[in-house]
Amino acid sequence: MILRLLIVEDEKQICDAVAKSLYDAGYEVDTCYDGEEALEYILTENYDLIVLDLNLPGMDGMEILKELRQSNEETKVLILSARGQIADKVEGLDAGANDYMEKPFHLQELEARIRSLTRRKFVQKDVCLESGDIMFDTIKREAYAKETKISLTRKEKGILEYLLLNLGRPVSQEELMEHVWDASVDSFSGAIRVHMSSLRRKLKAVLGYDAIMNKVGEGYKIREESD
Ligand code: CA
(Lines give C-alpha, C1' and ligand atoms only; values in the text may rest on other atoms or scores of the structure.)
Protein backbone atom coordinates (compact mmCIF):
# COMPACT_ATOMS: atom_id res chain seq x y z
CA MET A 1 0.00 0.00 0.00
CA ILE A 2 1.41 3.26 -1.00
CA LEU A 3 0.74 6.84 -1.43
CA ARG A 4 2.89 8.74 -3.86
CA LEU A 5 4.51 7.50 -7.07
CA LEU A 6 6.62 9.14 -9.75
CA ILE A 7 6.72 7.69 -13.25
CA VAL A 8 9.84 8.70 -15.20
CA GLU A 9 9.51 7.69 -18.83
CA ASP A 10 10.14 9.69 -22.00
CA GLU A 11 7.76 7.68 -24.19
CA LYS A 12 4.74 9.76 -23.30
CA GLN A 13 2.18 7.20 -24.31
CA ILE A 14 3.69 4.56 -22.06
CA CYS A 15 4.18 7.07 -19.27
CA ASP A 16 0.60 8.27 -19.36
CA ALA A 17 -0.86 4.77 -19.65
CA VAL A 18 1.15 3.58 -16.65
CA ALA A 19 0.20 6.67 -14.69
CA LYS A 20 -3.48 6.25 -15.44
CA SER A 21 -3.62 2.60 -14.45
CA LEU A 22 -1.80 3.31 -11.18
CA TYR A 23 -4.01 6.30 -10.47
CA ASP A 24 -7.04 4.07 -10.97
CA ALA A 25 -5.50 1.60 -8.54
CA GLY A 26 -5.58 4.29 -5.85
CA TYR A 27 -2.09 5.79 -5.96
CA GLU A 28 -1.22 9.45 -6.24
CA VAL A 29 0.89 9.71 -9.38
CA ASP A 30 3.23 12.32 -10.84
CA THR A 31 4.81 11.91 -14.26
CA CYS A 32 8.02 13.16 -15.82
CA TYR A 33 9.36 12.77 -19.37
CA ASP A 34 12.89 14.08 -18.87
CA GLY A 35 15.85 12.86 -16.82
CA GLU A 36 17.08 16.14 -15.41
CA GLU A 37 13.60 17.25 -14.47
CA ALA A 38 13.03 13.87 -12.84
CA LEU A 39 16.03 14.31 -10.59
CA GLU A 40 14.69 17.70 -9.49
CA TYR A 41 11.31 16.15 -8.63
CA ILE A 42 12.98 13.32 -6.79
CA LEU A 43 15.19 15.54 -4.70
CA THR A 44 12.43 17.96 -3.75
CA GLU A 45 9.33 15.78 -3.41
CA ASN A 46 8.76 12.84 -1.14
CA TYR A 47 7.89 9.71 -3.14
CA ASP A 48 7.22 6.22 -1.87
CA LEU A 49 8.14 4.62 -5.18
CA ILE A 50 9.66 5.65 -8.50
CA VAL A 51 9.17 3.82 -11.78
CA LEU A 52 12.36 4.67 -13.66
CA ASP A 53 13.21 4.32 -17.33
CA LEU A 54 16.94 4.17 -18.14
CA ASN A 55 17.29 5.73 -21.60
CA LEU A 56 16.09 9.28 -21.00
CA PRO A 57 16.77 12.69 -22.47
CA GLY A 58 18.64 15.01 -20.13
CA MET A 59 20.06 12.43 -17.76
CA ASP A 60 20.40 8.65 -17.79
CA GLY A 61 18.15 6.73 -15.40
CA MET A 62 21.12 4.93 -13.85
CA GLU A 63 22.70 8.28 -12.94
CA ILE A 64 19.42 9.42 -11.40
CA LEU A 65 19.29 6.27 -9.31
CA LYS A 66 22.85 6.67 -8.06
CA GLU A 67 22.22 10.30 -7.21
CA LEU A 68 19.03 9.40 -5.31
CA ARG A 69 20.71 6.65 -3.32
CA GLN A 70 23.40 8.97 -2.02
CA SER A 71 20.85 10.54 0.27
CA ASN A 72 17.82 8.30 0.17
CA GLU A 73 17.64 4.56 0.84
CA GLU A 74 13.94 4.48 1.53
CA THR A 75 12.19 5.34 -1.69
CA LYS A 76 11.57 2.18 -3.71
CA VAL A 77 12.80 2.20 -7.28
CA LEU A 78 11.52 -0.06 -10.01
CA ILE A 79 13.54 0.16 -13.21
CA LEU A 80 11.49 -0.20 -16.35
CA SER A 81 13.79 -0.50 -19.32
CA ALA A 82 14.29 -1.85 -22.79
CA ARG A 83 17.87 -2.68 -21.75
CA GLY A 84 17.34 -6.33 -21.00
CA GLN A 85 20.94 -7.48 -20.62
CA ILE A 86 21.83 -9.30 -17.45
CA ALA A 87 24.64 -6.77 -16.95
CA ASP A 88 22.14 -3.91 -16.95
CA LYS A 89 19.95 -5.64 -14.40
CA VAL A 90 22.90 -6.35 -12.17
CA GLU A 91 24.11 -2.77 -12.44
CA GLY A 92 20.64 -1.45 -11.64
CA LEU A 93 20.16 -3.67 -8.62
CA ASP A 94 23.69 -2.94 -7.42
CA ALA A 95 22.98 0.76 -7.69
CA GLY A 96 20.06 0.27 -5.31
CA ALA A 97 17.03 -0.49 -7.48
CA ASN A 98 14.45 -2.68 -5.74
CA ASP A 99 13.15 -4.35 -8.89
CA TYR A 100 13.76 -4.44 -12.62
CA MET A 101 11.25 -4.95 -15.41
CA GLU A 102 12.00 -5.29 -19.06
CA LYS A 103 10.01 -3.69 -21.87
CA PRO A 104 7.71 -4.69 -23.37
CA PHE A 105 5.75 -5.37 -20.22
CA HIS A 106 2.18 -5.94 -19.05
CA LEU A 107 0.55 -3.23 -17.00
CA GLN A 108 -0.96 -5.84 -14.72
CA GLU A 109 2.43 -7.27 -13.90
CA LEU A 110 3.86 -3.83 -13.25
CA GLU A 111 0.98 -3.13 -10.88
CA ALA A 112 1.47 -6.44 -9.10
CA ARG A 113 5.18 -5.74 -8.59
CA ILE A 114 4.49 -2.25 -7.31
CA ARG A 115 1.92 -3.63 -4.91
CA SER A 116 4.38 -6.13 -3.55
CA LEU A 117 7.22 -3.61 -3.28
CA THR A 118 5.11 -1.12 -1.44
CA ARG A 119 3.58 -3.66 0.85
CA ARG A 120 7.02 -4.66 2.05
CA LYS A 121 7.29 -1.24 3.61
CA PHE A 122 4.23 -1.93 5.72
CA VAL A 123 4.91 -5.57 6.46
CA GLN A 124 3.22 -5.46 9.82
CA LYS A 125 0.06 -3.93 8.40
CA ASP A 126 -2.98 -5.85 7.29
CA VAL A 127 -4.89 -5.38 4.07
CA CYS A 128 -7.69 -3.99 6.20
CA LEU A 129 -6.94 -1.09 8.52
CA GLU A 130 -9.23 -0.86 11.53
CA SER A 131 -9.94 1.31 14.50
CA GLY A 132 -13.06 0.95 16.61
CA ASP A 133 -16.07 1.07 14.32
CA ILE A 134 -14.08 2.14 11.27
CA MET A 135 -12.52 -0.17 8.71
CA PHE A 136 -10.71 0.54 5.44
CA ASP A 137 -9.90 -2.15 2.88
CA THR A 138 -6.68 -1.00 1.19
CA ILE A 139 -7.01 -3.35 -1.78
CA LYS A 140 -10.66 -2.73 -2.64
CA ARG A 141 -10.30 0.90 -1.49
CA GLU A 142 -13.59 0.66 0.43
CA ALA A 143 -14.46 2.21 3.76
CA TYR A 144 -16.88 0.89 6.37
CA ALA A 145 -18.37 2.38 9.52
CA LYS A 146 -20.16 -0.08 11.81
CA GLU A 147 -19.99 -2.53 8.91
CA THR A 148 -21.90 -0.16 6.66
CA LYS A 149 -20.08 0.74 3.47
CA ILE A 150 -19.55 4.48 3.14
CA SER A 151 -19.17 6.14 -0.20
CA LEU A 152 -16.04 8.30 -0.13
CA THR A 153 -14.17 10.31 -2.74
CA ARG A 154 -10.56 9.54 -3.67
CA LYS A 155 -9.20 12.24 -1.40
CA GLU A 156 -11.41 11.25 1.51
CA LYS A 157 -10.21 7.67 1.18
CA GLY A 158 -6.61 8.87 1.09
CA ILE A 159 -7.08 10.90 4.25
CA LEU A 160 -8.86 8.12 6.12
CA GLU A 161 -6.23 5.59 5.10
CA TYR A 162 -3.38 7.81 6.19
CA LEU A 163 -4.97 8.55 9.56
CA LEU A 164 -5.58 4.84 10.13
CA LEU A 165 -1.94 4.10 9.27
CA ASN A 166 -0.91 6.65 11.85
CA LEU A 167 -3.26 5.74 14.68
CA GLY A 168 -2.46 7.19 18.05
CA ARG A 169 -0.83 10.40 16.91
CA PRO A 170 -2.10 13.63 15.39
CA VAL A 171 -1.24 14.21 11.73
CA SER A 172 -0.70 17.80 10.60
CA GLN A 173 -2.20 19.36 7.46
CA GLU A 174 1.29 19.68 6.02
CA GLU A 175 1.93 15.97 6.48
CA LEU A 176 -1.40 15.10 4.88
CA MET A 177 -0.57 17.36 1.95
CA GLU A 178 2.73 15.62 1.49
CA HIS A 179 1.39 12.09 1.64
CA VAL A 180 -2.12 12.21 0.31
CA TRP A 181 -1.91 14.87 -2.38
CA ASP A 182 -0.14 14.76 -5.71
CA ALA A 183 1.85 17.76 -6.90
CA SER A 184 -0.72 19.00 -9.38
CA VAL A 185 -4.16 18.94 -7.84
CA ASP A 186 -5.73 20.85 -4.99
CA SER A 187 -2.39 21.88 -3.56
CA PHE A 188 -3.61 24.46 -1.13
CA SER A 189 -4.22 23.87 2.54
CA GLY A 190 -7.86 24.96 2.38
CA ALA A 191 -8.54 21.89 0.25
CA ILE A 192 -7.67 19.59 3.12
CA ARG A 193 -10.18 21.26 5.39
CA VAL A 194 -12.89 20.85 2.78
CA HIS A 195 -12.21 17.15 2.19
CA MET A 196 -11.69 16.56 5.89
CA SER A 197 -15.00 18.06 6.94
CA SER A 198 -16.82 16.10 4.26
CA LEU A 199 -15.16 12.87 5.46
CA ARG A 200 -16.05 13.62 9.07
CA ARG A 201 -19.65 14.35 8.11
CA LYS A 202 -20.00 11.06 6.24
CA LEU A 203 -18.55 9.06 9.12
CA LYS A 204 -20.68 10.87 11.66
CA ALA A 205 -23.86 10.18 9.69
CA VAL A 206 -23.35 6.46 10.31
CA LEU A 207 -21.54 6.44 13.65
CA GLY A 208 -23.48 9.18 15.40
CA TYR A 209 -20.28 10.79 16.68
CA ASP A 210 -17.29 12.61 15.20
CA ALA A 211 -14.66 9.92 14.63
CA ILE A 212 -11.87 12.33 13.75
CA MET A 213 -10.49 14.77 16.30
CA ASN A 214 -8.83 18.05 15.43
CA LYS A 215 -6.17 18.82 18.00
CA VAL A 216 -5.46 22.50 17.70
CA GLY A 217 -1.88 23.16 16.70
CA GLU A 218 -1.15 19.45 16.29
CA GLY A 219 -3.42 18.01 13.64
CA TYR A 220 -6.03 15.35 13.03
CA LYS A 221 -6.33 11.94 14.58
CA ILE A 222 -8.80 9.10 14.69
CA ARG A 223 -10.68 9.11 17.99
CA GLU A 224 -9.77 6.08 20.08
CA GLU A 225 -11.18 4.68 23.32
CA SER A 226 -8.53 6.44 25.36
CA ASP A 227 -9.45 9.84 23.92
CA1 CA B 1 13.25 5.74 -22.82
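Read the numbers this way: they start at 1 and go in the same order the structure lists the ligands and their atoms.
Nearest heavy-atom pair, Y220 versus L163, reported as atom, atom and distance to 0.1 Å: O-CD2, 3.6 Å. Looking at every heavy atom in both residues, A145 comes nearest to L207 through CB-CD2, 3.8 Å.
Few gaps surround CD on E224; more than 12 heavy atoms of other groups in view lie less than 6.0 Å from it. In K20, the NZ atom is not crowded: 12 or fewer heavy atoms of neighbouring residues, nucleotides or ligands sit closer than 6.0 Å.
Listed by chain and residue number, the protein N/O/S atoms under 3.0 Å of the Ca ion (ligand 1) are D10 OD1, D53 OD2, N55 O, with waters left out.
Using modelled atom types and a 3.5 Å distance limit, the side chains of R4 and N46 yield no donor-acceptor pair.
Screening V8, L80, I79, I64 against L54 for a side chain to side chain contact (heavy atoms under 4.5 Å, CB included) leaves a single residue, I79.
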